[in-house]
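For reference, the structure discussed in these notes is given below.
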Amino acid sequence: MPKTITLPVPDEFEEGLKQEMRAAAIEAFQSVAGKHAFSEYMNATRCAAYLGCSGGTVSKLVRLGMPTITVDSLTMFKKSEVDSWLLSHQY
């Protein structure tokens, strides 16, 4: 179980720190997603290609509960979680 670390930060630095952390997370996701055709983290277009379906179908699956990771406005799909979710919904 993850542990919570409390770090006192002066109020005037808090928003800047949040923005820097958000930018670093987005950069990390984009970097990982761009390394392989079907890397562990995929954007919606790559997820659709991985599943062999349309972007509209990916959107429908998300509405049905397929897990996503969203940082700021960037939505990513973790390949192993998508696979697990699909297997848990097979008939």
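Every value quoted in this text rests on a predicted model; they were computed, and no experiment measured them.
Taking CE of Met76 as the reference point, atom CD of Glu81 lies at 12.0 Å (rounded to 0.5 Å). How far CG of Leu51 is from CE of Met66: 6.0 Å, rounded to the nearest 0.5 Å. Separation of atoms CD (Gln90) and CG (Leu87) is listed at 5.5 Å; rounding is to 0.5 Å. Separating the SG atom in Cys47 from the NZ atom in Lys78 is a distance of 14.0 Å, to the nearest 0.5 Å.
For the residue pair Phe77 and Ala44, the shortest heavy atom distance occurs at CE1-CA, 3.5 Å. Looking at every heavy atom in both residues, Ala48 comes nearest to Gly55 through CB-N, 4.0 Å.
Listed for the Ser84 side chain is a donor-acceptor partner under 3.5 Å among the backbone atoms of Ser80. Between the side chain of Asn43 and the main chain of Thr45, a donor-acceptor pair closer than 3.5 Å is present. Of the possible polar contacts, one joining the Trp85 side chain to the Gly65 backbone as a donor-acceptor pair under 3.5 Å is found.
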* Asked: Given Glu15 and Lys18, is the side chain to side chain contact (heavy atoms under 4.5 Å, CB included) satisfied, shown in steps?
  -> CA-CA 5 Å; Glu15 188 58 36; Lys18 285 179 184 178; 4.1 Å; yes

* To do: Let me see the working for Lys79 and Tyr41 under side chain to side chain contact (heavy atoms under 4.5 Å, CB included), right down to the final yes or no.
  => CA-CA 6 Å; Lys79 182 178 173 284; Tyr41 295 94; over 6 Å; no

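Counted by atom type alone, Thr75 and Thr68 present zero donor-acceptor pairs between their side chains at under 3.5 Å.
With hydrophobic clusters built from ILVMFWY side chains whose heavy atoms lie under 4.5 angstrom apart, Leu64 shares a cluster with Val58.
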